[in-house]
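To keep things clear, I will list the structure first and then write my remarks on it.
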Amino acid sequence: MKYFSELAEILEKVEKINEKSLKIDVLSRFIKSLDKNELKITIWLILGNTEEEWVERKLNVSISTIIKVLKNLGVNIKELSSLYKKSGDLGEAVKIIYERGNIKLNKWFAKKYTIIDIYNELKKIENLEGEGSREKRILYLEGIYKNLSPLEAKLLTRILQGDMRYGVLEGTIEDCLSYIYGIDDEKIKIAHAIIGDIGVLAEYLFDNPKNIENVNIRLFHPFKPMLAEKANNFQDVFNNFSPAAFEFKFDGIRAQIHKRGNEVKIFTRRLKDVTKSFPDVVELILNNIKNNEVVVEGEIVAWDYNKNLPLPFQEISKRIKREYEISKYIKEIPVKLFLFDIIYLDGKLLINEEYINRRKILEEIRGNIDLTPMIITSKEDEAKKFFEESVNMKNEGLVAKKLDSKYIPGKRDKSWLKVKGHLEPLDLVIIGGEWGHGRRKNFISDLYLAALDKDTGEYLMVTKTFKGLSDNEYIQLTKELLKYKIKEEGRIVWFKPKIVVEVIYDEIQKSPKYKSGFALRFARVNRIRWDKSEKDVNTIQEIRELYEKQRKEEI
DNA sequence: CTTGCCTGCCC
DNA sequence: ATTCTGC
DNA sequence: GCAGAATGGGCAGGCAAG
């Protein structure tokens, strides 16, 4: 039986260790000392979770709620936000507040929580719902925070945020299990992907390490899907394998579909069950796939059946978490399913079959369901032509697959390579930014980027981005930016429009949030344009044209 | 009854 | 999702 | 090459505030 404070101390220690093997050693000793009834729970908490991965997070707590809790405990919010800004980490800020004693605590009768106690408290919070539940949640958390030490408060704060930053994620836990039980790391990784949750795997091994041999894909139990790495171009693809199978990469949601008899379940890439939102897909599967037991994978895409073209991602996303008026939305936003893999068929696991054979089997059982359009070629010009075809349909691009590759659950591997295009870069001016967190606490990390509204002369924001430059470049940039500072509001700093950056992005979207009416998807800075001035940036009018052009090409 | 904030999860 | 960094 | 970290737009749903 371990105390929550012991966990907090171990993690504090681990956070400061750089050397991987030492980190694994320290953490493994702790994990090894856990009882069975606290093992799974502890691993979940280390990762900032309270459940198996396929269960939706229900804490309904994050930074805003935590700050309200602290405020109620008499914490000076000015002091807190200044500490937060300085440390770049709310957990760290909370720890310092506790150390300074600037919070109302149960001084004399503080409860000493075990790990299981904390877990049970969090479960109670998860079960709060209905009118008044927000307030109850806050009251409940106050009750817990009142009894904590500085390190415990830091840990709880990070768990509640679901953002741990102790340098321990699933990969490290995998290494620990490998170290503790002397099982090959690759084997652990695959078992983890198949079971879908690392805590459950740990419990499995605790019962009997030989259980690793019994881990297998089960129907109606989601496994982590195989993923693709990024390729820069077609040469990159052919350097890895040739010939290659190229499939259209649609812009929808990845679906892992399990079927037995008349029962069907649909899981997302992150293992969440979305069956309820897609009765049309369930029906499609039942009407077409006649085999009894099947696991297939595909992409669910919002579809315009008049033009026979995909609809933008924003459309399918209106259906993903929908729970009401589903039948109305089935008509309003119809979907199309493109299958691209088969993992299980009537008692036979197909993960060790070569890709090309899996595809053949899929072809035989699919009924009238579409497969992703695919060609096999070793010629760059053919691949490029196929890419154009896909992109002209407004797809993301292609996925290249090695013909004899196996299906390795959970693996991001060079045997699948995604080739994506992006639109012409835009020159945008920096009008604001936010101080970063963690490693990036000392510079402006997130940039607010704007285009010029030609009609009014205003600079209107079209995106935020923190990607593309190296830490050093951000440090340099921050120095320059601060010369043009207008005002600072908490973490946000506003600048005079001066410094211009070239920005790459995947798509222009209609934005309900920005005044400009447009937003960039996956924006990243390509380079700083020191040679350009704020007068040289792209205009909102040009962005509108680019957006319309996207539309026009759809016909 | 409408609007807005917060959370969780798609990409 | 994309990108960068440290091991 | 891997694991970890730092963060994007936008959607639905749940609750609170106006």
Side-chain angles (χ1 to χ4, degrees), chain A residues 17-23 55-68 88-89 128-137 160-175 185 189 227 229-230 250-255 268-272 274 277 299-300 312-326 329 333 396 411-414 418 420 422 434 436-441 445-449 462-474 503-514 518-526:
Chain A
I17 301 176
N18 289 325
E19 199 189 324
K20 200 178 159 190
S21 57
L22 184 58
K23 178 160 87 180
V55 179
E56 188 179 348
R57 190 181 174 87
K58 261 184 66 187
L59 270 169
N60 277 305
V61 175
S62 193
I63 185 160
S64 310
T65 311
I66 298 168
I67 287 174
K68 278 179 200 146
D89 183 291
L128 295 172
E129 57 181 32
E131 211 182 314
S133 59
R134 278 196 196 171
E135 210 187 321
K136 274 190 220 157
R137 206 172 284 129
L160 294 174
Q161 286 187 104
D163 190 6
M164 302 306 283
R165 311 191 208 183
Y166 285 105
V168 179
L169 288 183
E170 291 185 342
T172 304
I173 305 289
E174 286 171 350
D175 288 340
D185 192 43
K189 281 184 195 311
L227 302 167
E229 268 196 22
K230 193 185 158 211
F250 290 98
D251 192 6
I253 57 169
R254 175 104 178 239
T268 65
R269 181 164 117 63
R270 297 238 148 69
L271 317 188
K272 303 291 187 277
V274 289
S277 305
E299 190 86 0
I300 301 175
F313 179 77
Q314 270 166 305
E315 297 302 312
I316 190 70
S317 68
K318 289 176 192 159
R319 291 207 40 193
I320 296 171
K321 289 192 81 186
R322 178 159 297 282
E323 290 186 37
Y324 307 105
E325 297 187 294
I326 290 177
Y329 274 84
I333 307 170
E396 291 188 307
K411 186 101 175 163
R412 196 185 286 278
D413 193 59
K414 279 225 184 308
K418 54 183 159 192
K420 290 176 71 163
H422 53 75
E434 283 172 36
H437 297 85
R439 195 171 48 112
R440 300 170 84 133
K441 67 183 173 188
S445 167
D446 214 11
L447 303 173
Y448 296 1
L449 303 181
V462 292
T463 197
K464 285 203 234 175
T465 180
F466 59 96
K467 290 186 289 240
L469 301 178
S470 67
D471 286 12
N472 273 335
E473 287 174 300
Y474 281 111
V503 175
I504 299 178
Y505 56 98
D506 281 20
E507 192 191 0
I508 298 171
Q509 296 173 294
K510 273 245 151 107
S511 172
K513 186 173 84 175
Y514 292 132
F518 296 102
L520 306 185
R521 181 144 79 131
F522 307 140
R524 55 259 194 204
V525 174
N526 197 34

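Remember, it's a predicted structure, so these values are computed and weren't measured experimentally. Proteins get letters first, then strands, A, B, ... in listed order; numbering begins at 1 in each.
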[X] near the nucleic acid: base, sugar-phosphate alone, or nothing, with a heavy-atom cut-off under 4.0 Å?
| X | answer |
| --- | --- |
| A:K418 | sugar-phosphate |
| A:K441 | nothing |
| A:K23 | nothing |
| A:I316 | nothing |
| A:A519 | sugar-phosphate |
| A:Y166 | sugar-phosphate |
| A:R254 | sugar-phosphate |

How close or far is atom [atom2] of [N] from atom [atom1] of [X], stated in whole angstroms?
| X | N | atom1 | atom2 | answer |
| --- | --- | --- | --- | --- |
| A:D446 | C:dT2 | CG | P | 17 Å |
| A:D413 | D:dC2 | CG | C1' | 13 Å |
| A:K414 | D:dG1 | NZ | C1' | 8 Å |
| A:I326 | D:dC11 | CD1 | P | 18 Å |
| A:F522 | C:dT2 | CZ | P | 6 Å |
| A:K467 | D:dG4 | NZ | P | 20 Å |
| A:H437 | D:dG4 | NE2 | C1' | 17 Å |

When you check the phosphate oxygens OP1 and OP2 of [N], does a side-chain N or O of [X] lie under 4.0 Å from one of them?
| X | N | answer |
| --- | --- | --- |
| A:Q314 | D:dC11 | yes |
| A:K513 | D:dG9 | yes |
| A:Y329 | D:dC11 | no |

Pairwise N/O distances under 3.5 Å, protein to nucleotides 15-18 of chain D:
{"from": "D:dC15", "atom 1": "OP1", "to": "A:G130", "atom 2": "N", "distance (Å)": "2.3"}
{"from": "D:dC15", "atom 1": "O2", "to": "A:R134", "atom 2": "NH2", "distance (Å)": "3.0"}
{"from": "D:dA16", "atom 1": "OP1", "to": "A:G132", "atom 2": "N", "distance (Å)": "3.3"}
{"from": "D:dA16", "atom 1": "OP1", "to": "A:R134", "atom 2": "N", "distance (Å)": "3.3"}
{"from": "D:dA16", "atom 1": "OP2", "to": "A:G132", "atom 2": "N", "distance (Å)": "3.1"}

Under the ring-ring contact (aromatic ring centres under 6.0 Å, His included) rule, collect the residues that match up with [X], sequence neighbours excluded.
| X | value |
| --- | --- |
| A:Y329 | none |
| A:Y505 | none |
| A:F522 | none |

Note to self: Please list all pairs meeting side-chain hydrogen bond (donor to acceptor under 3.5 Å, both in side chains) that have one or both residues in residues 463-472 of chain A, counting only residues at least two apart or in different chains.
What the structure shows: A:E434-A:K464, A:R439-A:D471, A:S470-A:E473

Notebook entry, point to check: Hey, does the side chain of A:S277 reach the backbone of A:R322 with a donor-acceptor pair shorter than 3.5 angstrom?
Noted result: yes

Could I get the full list of salt bridge (Lys or Arg N to Asp or Glu O under 4.0 Å) partners for [X], not counting sequence neighbours?
| X | answer |
| --- | --- |
| A:K411 | A:E186 |
| A:K510 | none |
| A:D506 | A:K420, A:R524 |
| A:E56 | A:K321 |

Next item on the list: Provide the start and end nucleotides, 5' to 3', of the part of DNA chain B that has atoms under 4.0 Å from heavy atoms of chain A.
Entry: B:dC5 to B:dC11

Check: Any side-chain heavy atom of A:E396 within less than 4.5 Å of one from A:K418?
Finding: no

Next item on the list: Go through the structure and list residues passing side chain to side chain contact (heavy atoms under 4.5 Å, CB included) with A:Q314, not counting sequence neighbours.
Entry: A:Q509

Next item on the list: Look at the side chain of A:K230 and decide which nucleotide, out of D:dG1, D:dA5, C:dT3, has an atom nearest to it.
Entry: C:dT3

Checklist line | Nearest-nucleotide pick for A:T172, side chain only, options being D:dA3, D:dA12, D:dG14 | finding: D:dA3

Enumerate the protein-to-nucleotides 5-7 of chain C contacts in which both atoms are nitrogen or oxygen and the separation is below 3.5 Å.
{"from": "C:dT5", "atom 1": "OP1", "to": "A:D471", "atom 2": "N", "distance (Å)": "2.9"}
{"from": "C:dT5", "atom 1": "O4'", "to": "A:R439", "atom 2": "NH1", "distance (Å)": "3.2"}

